[in-house]
Amino acid sequence: MGESIASSECPECDGRLRVEGDETVCEACGLVVAEDRLDRGPEWRPLDGDRRERTGAPLTRSRHDRGLSTEIGRGGRRLTGRKRRLLRRLRRQHNRARIPTKSKRNLVYGFTEIRRIAEALSLPESTRDQACVIFERAQDEDLLRGRSIEGFAAASVYAACRMASFSRTVEEVAAVARADADELRVAYDPMNRELGLPTGPVDPSEFLPRFSSELNLPVRIEARARELLVDLRESGHLAGRNPCGVAAGCLYAAAREANYPLTQKRVAKVADVTPVTVRGTYRELAE
DNA sequence: ACGATTATTGCGTTCTT
DNA sequence: AAGAAAACAATAATCGT
C-alpha cells in the first residue's frame, strides 16, 4: 500500500491522533496534522440564528466580523498629496466603520486575545473558534460587567479545551494568557453556571498522551497506564482526585511495572504535582 | 464553614552505583 | 560507602460542597 491515509501518530511528538471536525489533531501537542474543509455541507455555525443565506469565503469565528472585512491598503505611493490625504481620510473612516459599537470593540479585543492564547497553546482552529463562540455568549448574557475581558478570554479557551476533551489545566492556560489563574476561575465559574457548559469532570486519560510524550515514554507504557486508569475508575478510586496527579501516578506505575527508568520526581514535574501525590495513586494501584 | 485532597517540609530507610 | 530515590509523618493550604 502506497501512502497510508491514516497514520496514527503525530509527526512532531508521536502523540495519538484524533479526528475533530474537519481536522486531524494530535492529542498530545494539539498540532493540526491534516485539514480538510472541502465540501462538508453547510458550515458549522452553532448558536447563530437562522442567518445562513450568505455564501462566500470560509467564515471564521475568531474575527468579530468573521473574516468579511475589507481593508484599504496603502499600496501605491505614486499619488499626489491631495489624493493621499483623501485616501488617508477614507482609510480612517472605513476602519472606524468596521467597529460599530463599544460592545463590538470588546468582542474584538476578546477575540484577539483568544487567538493569541490559542496560538500559544497550538490549539486546533475548531477549538479556538469554539472559544470565541463561548466568549460571545458570555457577553450576550452580560456576564462581563465588572470582570476582566482578559479573564473571560482565557476562561473561554479553557472551557473550549475541556469541551473538546482536550483539557488543559487552568494554570497552563493562565501561563500564556494575560490573566492569572484566579481571574480565569472568576470568569469561568459564572460562565459554567449561566451558560450551562457541557463539561463533566475531567478524565485523567486526557493527560496521558501529553505527559507521556513529554517524557519520551514508549507507547506501550502509556497504553498500560490507560489500562490501570480504567481499573481505578471501576473501583471508584478517582473520585475527587486531581486528574493530573492520577494520570501521573498511572504512568509511574506502568513504567515501574515494565522496569522502565522513571522517577516520581520527573512525572510529578511534567504533571505539575508533587511526588507525594504521584505516590498517592501509585499505592492505590497496589491493591 | 467543613471535610477531603494536596503541598510542604523534614527525616530515617532503601536502592543503586 | 555515598548519593539518590522512595516512604513516612505532621502541618498548612486549597478545593468542592
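Each chain gets a letter, A, B and so on, in the order its sequence line appears, and its residues count up from 1.
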Among residues at least two apart in sequence or on other chains, which ones pass side chain to side chain contact (heavy atoms under 4.5 Å, CB included) with [X]?
| X | result |
| --- | --- |
| R162(A) | Y158(A), S167(A), Y188(A), T199(A), V202(A) |
| T274(A) | V276(A), T277(A) |
| V186(A) | R147(A) |

Listed pairs, N/O of protein and of nucleotides 4-6 of chain C, under 3.5 Å:
residue: dA6(C); atom: OP2; partner: Q264(A); partner atom: N; Å: 3.1

| field | Rounded distance (Å) that lies between atom C1' of dA7(C) and atom CG of L285(A) | value |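 Rounding to the nearest Å, CG of L285(A) and C1' of dA7(C) are 17 Å apart.
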
| task | Could you tell me the separation between the CZ atom of R283(A) and the P atom of dT5(B), rounded to a whole number of Å? | result |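 Value for this atom pair: 15 Å.
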
| said: Is there a path of hydrophobic side-chain contacts, each under 4.5 Å between heavy atoms of I/L/V/M/F/W/Y residues, joining V219(A) to V230(A)? | reply: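 No: no chain of side-chain contacts under 4.5 Å links V230(A) to V219(A).
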
| request: Any pair with a residue in residues 194-222 of chain A that passes ring-ring contact (aromatic ring centres under 6.0 Å, His included), sequence neighbours left out, goes on the list, sorted by first then second residue, please. | output: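 Every ring-ring contact (aromatic ring centres under 6.0 Å, His included) pair that includes a residue of residues 194-222 of chain A, provided the two are not neighbours, is F207(A)-F211(A).
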
| task | Give every residue pair that meets the ring-ring contact (aromatic ring centres under 6.0 Å, His included) criterion with at least one member in residues 249-270 of chain A, sequence neighbours excluded. | result |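 Those involving residues 249-270 of chain A are Y252(A)-Y282(A).
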
| message | Counting only side-chain nitrogens and oxygens, does R241(A) get under 4.0 Å of the OP1 or OP2 atom of dC15(C)? | response | no

| task | Report which part of the nucleic acid R266(A) touches: base, sugar-phosphate, or nothing (heavy-atom distance under 4.0 Å, all strands). | result | nothing

